[in-house]
Each structure stands twice: as structure tokens, then as C-alpha cells.
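Structure record follows, encoded as C-alpha cells.
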Amino acid sequence: MSGNFVIIASPNAIADPQKKVAIADFLCRLQKSQTWRESNLKQWSKNYATTIDVDEGIVYQDAKQGQQQRRQELLPVSDAAIASEQKVADTFFQAGVIPRKVDVKQLWDSSFNEDIAKCQ
């Protein structure tokens with residue numbers, strides 16, 4: 001609904017200094033892979049099509065349409081992203097999908113923002 005896809009890590013993992021470094025490394029690798037994919041969509045489509053045994057043209061067309069709708073990129077936590085997710089949670093509550101109203105802000109951690117900004 002929001003178009004955002006969150007990456008989840010447990011509070012215990014984030015609190016562990018070694019695991020936090022590993023998570024930051026993962027986020028950087030993810031960002032680099034997304035940047036490469038966006039710049040090399042034909043090659044990515046060819047590789048992915050081979051992996052999933054689907055016609056390369058179909059994979060490329062789907063990827064191109066997805067890219068036109070919304071580029072894949074890893075962004076730092078922002079008030080706008082939190083507000084967007086809060087709207088989703090509120091919608092789910094109003095629809096009866098979740099039993100009570102929740103405050104999603106407590107689920108977000110901006111401590112990796114600096115790591116994401118440094119990763120190129």
C-alpha cells in the first residue's frame with residue numbers, strides 16, 4: 001500500500017556491536033546491488049531469467065515497468081516513511097485486519113542512517 005518494503009532486524013541484534021556492523025554491511029551490499037540492478041537492467045534480467053527459467057523478454061519487460069513505477073533504492077529512515085507506514089497500520093486497523101491501533105514509530109530505528117549515507 002505504501003510502496004515501502006522495510007528491512008527488519010531484532011532489537012537484540014541491533015544492540016550487539018558485532019551484529020550491528022554485520023547489518024550495516026548487509027545494508028550497504030543491498031544498496032550497491034540495487035544500484036547496479038537499476039543501471040544494468042538488461043543484464044540483471046538475463047541473469048534472473050536464467051535463474052528462474054523464464055523468458056528473458058518477460059523478465060525485462062516486468063523489471064522495466066517496475067522501474068518506471070518506482071526505483072528500488074535503500075533510503076534512510078525518515079518521518080515521511082514512518083508516517084506512510086502508520087497510514088497502512090491505521091488502514092489495517094480500520095478494516096479489522098489488526099485488533100488494535102498501533103504506533104509504528106517504535107518499530108523503526110534510524111541508527112543505520114549514517115551507514116546508508118556513507119555507502120556508495
Side-chain angles (χ1 to χ4, degrees):
M1 290 174 40
S2 69
N4 296 327
F5 297 92
V6 296
I7 299 170
I8 299 170
S10 75
N12 289 340
I14 295 170
D16 180 308
Q18 289 181 323
K19 289 180 181 177
K20 187 164 185 167
V21 168
I23 293 167
D25 179 65
F26 167 76
L27 293 173
C28 186
R29 290 171 189 262
L30 180 62
Q31 182 180 37
K32 286 179 180 181
S33 71
Q34 289 175 333
T35 299
W36 182 88
R37 178 189 182 273
E38 292 295 310
S39 299
N40 299 278
L41 203 57
K42 274 208 177 268
Q43 182 63 46
W44 176 87
S45 297
K46 181 179 180 179
N47 295 346
Y48 190 57
T50 300
T51 301
I52 63 172
D53 196 25
V54 172
D55 180 82
E56 181 183 333
I58 294 170
V59 172
Y60 178 69
Q61 192 61 29
D62 181 62
K64 192 173 178 179
Q65 287 174 352
Q67 191 180 53
Q68 290 168 348
Q69 291 173 7
R70 174 172 261 173
R71 297 182 68 83
Q72 290 187 8
E73 58 185 329
L74 183 64
L75 300 172
V77 172
S78 67
D79 290 341
I82 295 169
S84 176
E85 290 300 313
Q86 186 63 56
K87 286 181 184 177
V88 172
D90 292 346
T91 299
F92 283 178
F93 170 69
Q94 291 166 358
V97 175
I98 57 176
R100 62 182 170 82
K101 193 171 175 105
V102 295
D103 176 11
V104 301
K105 188 171 185 161
Q106 63 185 331
L107 303 173
W108 291 74
D109 182 328
S110 62
S111 67
F112 293 98
N113 282 2
E114 198 171 302
D115 296 304
I116 292 169
K118 288 181 199 174
C119 180
Q120 299 301 328

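Because only heavy atoms are used, hydrogens play no part in the values below, and waters and symmetry mates are left out as well, while side chains stay in.
Looking at Glu85 and Trp108, their side chains come closer than 4.5 Å, going by heavy atoms from C-beta outward. In this structure, the side chains of Cys28 and Asp115 stay at 4.5 Å or more apart for every pair of heavy atoms. The shortest side-chain heavy-atom distance between Ile7 and Phe112 does not fall under the 4.5 Å cut-off.
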* To do: Determine, step by step, whether Asp25 and Arg29 satisfy the salt bridge (charged side-chain N to carboxylate O under 4.0 Å, His left out) criterion, reporting the C-alpha distance in whole Å, the side-chain angles of both residues, the deciding distance to 0.1 Å, and the verdict.
  => CA-CA 6 Å; Asp25 179 65; Arg29 290 171 189 262; 2.7 Å; yes

* To do: Please report the C-alpha distance between Ser45 and Lys64 in whole Å, then the side-chain angles of each, then the deciding distance to 0.1 Å, and finally whether the side chain to side chain contact (heavy atoms under 4.5 Å, CB included) criterion is met.
  => CA-CA 9 Å; Ser45 297; Lys64 192 173 178 179; over 6 Å; no

* In sequence, state the C-alpha distance, the side-chain angles, and the governing distance for Ile52 and Val59, and then conclude on side chain to side chain contact (heavy atoms under 4.5 Å, CB included). => CA-CA 10 Å; Ile52 63 172; Val59 172; 4.2 Å; yes

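The shortest non-hydrogen separation linking Ile98 to Ala89 is CD1-O, 3.5 Å. Summarising the geometry of Arg100 relative to Phe93, their closest heavy-atom pair is C-CD1, 3.3 Å, with the distance given to 0.1 Å.
Within a 6.0 Å sphere centred on CG of Asp103, other residues, nucleotides and ligands contribute more than 12 heavy atoms. Counting non-hydrogen atoms of other residues, nucleotides and ligands closer than 6.0 Å to OH of Tyr48 gives a total of 12 or fewer. Counting heavy-atom neighbours within 6.0 Å of Glu114 CD, excluding the residue itself, gives a total of 12 or less. Gln18 CD: 12 or fewer foreign heavy atoms inside a 6.0 Å radius.
Side-chain atoms of Asn40 come within 3.5 Å of backbone atoms of Trp36 as a donor-acceptor pair (strictly under, hydrogens ignored). Without hydrogens or angle criteria, Gln34 side chain to Leu74 main chain gives a donor-acceptor distance under 3.5 Å. Here the side chain of Ser10 pairs a donor or acceptor atom with the backbone of Ala13 at under 3.5 angstrom. In this structure, Gln86 contributes its side chain and Val102 its backbone to a donor-acceptor pair below 3.5 Å. Side chain of Glu73 to backbone of Gln31: no donor-acceptor contact under 3.5 angstrom is found.
Interatomic distance, CD of Gln65 versus CD of Gln61, reported as 5.0 Å (0.5 Å rounding). Here the CG atom belonging to Asp62 is positioned 12.0 Å from the CG atom belonging to Asp55, to the nearest 0.5 angstrom. In this structure, CD1 in Ile14 is found 5.5 Å from OG in Ser111, a value given to the nearest 0.5 Å. We find the CD-NZ distance between Gln94 and Lys101 to be 6.5 Å, quoted to the nearest 0.5 Å. Atom CG of Asn12 is separated from atom NZ of Lys19 by 7.5 Å, given to the nearest 0.5 angstrom. For the atom pair CG of Asp109 and CD1 of Ile23, the computed distance is 9.0 Å after rounding to the nearest 0.5 Å.
Hydrophobic clustering (ILVMFWY, side-chain heavy atoms < 4.5 Å, transitive): Ile82 and Leu107 are in one cluster. No continuous path of ILVMFWY side-chain contacts below 4.5 Å connects Phe5 to Trp44, so the two sit in separate hydrophobic clusters. When the side chains of ILVMFWY residues are joined at heavy-atom separations under 4.5 Å, either directly or via intervening members, Phe92 and Val6 end up in a single hydrophobic cluster. Leu30 and Leu41 fall into different hydrophobic clusters, where Ile, Leu, Val, Met, Phe, Trp and Tyr side chains are chained together by heavy-atom contacts under 4.5 Å.
A cation-pi geometry, defined here as NZ or CZ lying under 6.0 Å from the six-membered ring centre and within 45° of its normal, holds between Lys42 and Tyr60.
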